[in-house]
Amino acid sequence: MKDNILVLEAKESNYEELREIFFTVRRNTFHWIEPETLKLSDFDESTKDELILVASIGNKIAGFISIWVPDKFIHNLFILEDFQGKGIGTVLVNEAIKMVGLPLTLKCVKSNINALNYYKSHNWKIEREEMGSEGLYYLMKYSNQS
């Protein structure tokens, strides 16, 4: 499957589909957020001035990653449910590493068990726990390829 994944920098023409992915994945998995507070435009606010890489399989966008480059901070990593567990997140993270280097950091809401398990299984380390607008989260760091 990983061989079929094409990763490119996002273009303006991708944004409508990326807004849908961002909205849909959050609505379906972020049970700690009131669904009626989610908007398609949240994507634009959440990725402003960030490097956005898009993963496609065939002609279908499967997910994206957005990085705040000055801090090598992954702000968003979203994969459509149908494409989860196929290595797409790993491919996106590896492309981010090629473009911005290590170490990478991110915040993972403690309630987001699936994401937390994914990061732990891919050698991300919890640096600290903090309180944020969406509840407790872990600041996580990735500094090696092992």
Side-chain angles (χ1 to χ4, degrees), residues 1-127 132-134 137-146:
M1 176 58 99
K2 289 182 184 177
D3 299 340
N4 303 332
I5 303 168
L6 176 66
V7 177
L8 297 169
E9 207 165 321
K11 299 189 290 281
E12 195 73 40
S13 61
N14 302 134
Y15 279 31
E16 191 173 331
E17 205 170 338
L18 295 176
R19 285 182 193 104
E20 284 288 341
I21 292 170
F22 190 67
F23 178 81
T24 302
V25 174
R26 290 167 72 223
R27 185 190 61 216
N28 294 345
T29 58
F30 284 23
H31 54 84
W32 56 90
I33 296 178
E34 293 297 326
E36 58 276 3
T37 65
L38 302 174
K39 304 182 299 299
L40 284 172
S41 60
D42 293 343
F43 169 82
D44 302 88
E45 199 175 301
S46 188
T47 60
K48 185 174 169 37
D49 299 326
E50 294 184 346
L51 170 64
I52 304 170
L53 302 176
V54 176
S56 300
I57 296 176
N59 292 333
K60 178 78 176 134
I61 293 178
F64 73 91
I65 190 170
S66 74
I67 305 116
W68 177 249
V69 176
D71 296 333
K72 299 179 188 174
F73 179 79
I74 295 176
H75 195 195
N76 298 288
L77 176 56
F78 285 85
I79 311 299
L80 279 172
E81 207 168 344
D82 290 350
F83 293 99
Q84 290 178 8
K86 299 181 186 327
I88 297 165
T90 303
V91 169
L92 283 167
V93 169
N94 288 337
E95 282 299 313
I97 291 167
K98 286 182 199 169
M99 295 186 86
V100 303
L102 289 171
L104 290 173
T105 57
L106 58 80
K107 292 178 182 176
C108 183
V109 174
K110 197 172 176 179
S111 305
N112 195 347
I113 303 302
N114 289 344
L116 193 55
N117 289 338
Y118 168 83
Y119 293 123
K120 285 181 174 177
S121 73
H122 287 80
N123 298 313
W124 286 77
K125 304 291 181 241
I126 295 173
E127 296 278 290
S133 60
E134 296 180 16
Y137 69 85
Y138 295 118
L139 179 68
M140 301 184 80
K141 185 177 185 177
Y142 183 77
S143 54
N144 65 350
Q145 297 277 55
S146 61

Review point. Does some side-chain heavy atom of D44 sit less than 4.5 Å from a side-chain heavy atom of R19?
Key: yes
Check your understanding: Do F73 and W68 make the cut of ring centroids closer than 6.0 angstrom?
Key -> no
Study note, to complete from the structure: When rounded to the nearest 0.5 Å, the distance separating NZ of K120 from CD1 of I126 is 4.5 Å
**Study point:** Distance-minimising heavy-atom pair for A96 and L53
**Key:** N-CD1, 3.9 Å
Point to revise | Contact check, side chains of L102 and K72, non-hydrogen atoms, under 4.5 Å | key: no
Review point. From N123 CG over to K125 NZ, what is the distance, rounded to the nearest 0.5 angstrom?
Key: 5.0 Å
Exercise for review: Specify whether F22 and F43 have parallel, tilted or perpendicular ring planes, treating 30° as the upper limit for parallel and 60° as the lower limit for perpendicular.
Suggested key: perpendicular
Check your understanding: Out of curiosity, T105 OG1 to M140 CE, how far, rounded to the nearest 0.5 Å?
Key -> 11.0 Å
Review point. Within a radius of less than 6.0 Å around CD of E36, do more than 12 heavy atoms belonging to other residues, nucleotides or ligands occur?
Key: yes
Practice item. Could you tell me whether the side chain of M99 reaches within less than 4.5 Å of the side chain of I67, counting heavy atoms only? Key: no
Check your understanding: Of the non-hydrogen atoms in R26 and F78, which two are nearest, and what is the gap between them?
Key -> CG-CE2, 3.4 Å
**Study point:** Test item: N117 side-chain N/O and N114 main-chain N/O as donor-acceptor pair under 3.5 Å
**Key:** no
Exercise for review: Can you spot which of Y118, Y137, F30, Y119 makes a side chain to side chain contact (heavy atoms under 4.5 Å, CB included) with N112?
Suggested key: F30
Check your understanding: Is W124 close to I74 at the side-chain level, that is, under 4.5 Å between some pair of heavy atoms?
Key -> yes
Check your understanding: Given the rule in the side chain to side chain contact (heavy atoms under 4.5 Å, CB included) test, do V91 and V7 qualify, once you have shown the distances and angles that lead to the verdict?
Key -> CA-CA 8 Å; V91 169; V7 177; 3.6 Å; yes
Exercise for review: Please report the shortest heavy-atom distance between G63 and L92, naming the atom on each side.
Suggested key: C-CD1, 4.1 Å
Practice item. Report yes if the side chains of V54 and E17 come closer than 4.5 Å at any heavy-atom pair, otherwise no. Key: no
Exercise for review: Could you go through the side chain to side chain contact (heavy atoms under 4.5 Å, CB included) check for I79 and V25 one step at a time?
Suggested key: CA-CA 7 Å; I79 311 299; V25 174; over 6 Å; no
Review point. Just wondering, do L77 and I65 contact through their side chains at under 4.5 Å, heavy atoms?
Key: yes
**Study point:** Gap between atom CG of L80 and atom CZ of F64 - 0.5 Å precision
**Key:** 9.5 Å
Exercise for review: Compare all side-chain heavy atoms of E81 with those of N28 and state whether any distance is below 4.5 angstrom.
Suggested key: yes
Point to revise | Pairwise distance CG(D49) to OG(S66) - rounded to 0.5 angstrom | key: 11.0 Å
Check your understanding: Heavy-atom distance under 4.5 Å between the side chains of I61 and I21, does that happen here?
Key -> yes
Check your understanding: Atom NZ in K86, atom CG in N4: separation rounded to 0.5 Å?
Key -> 11.0 Å
Exercise for review: Search all heavy atoms of I88 against all heavy atoms of I57 and return the closest pair with its distance.
Suggested key: CD1-CD1, 3.6 Å
Point to revise | Where H75 and S46 come nearest, the two heavy atoms and their spacing | key: ND1-O, 2.6 Å
Exercise for review: Using the side chain to side chain contact (heavy atoms under 4.5 Å, CB included) rule, take K39 and F23 through it: C-alpha gap first, then chi angles, then the decisive distance, then the call.
Suggested key: CA-CA 7 Å; K39 304 182 299 299; F23 178 81; 5.8 Å; no
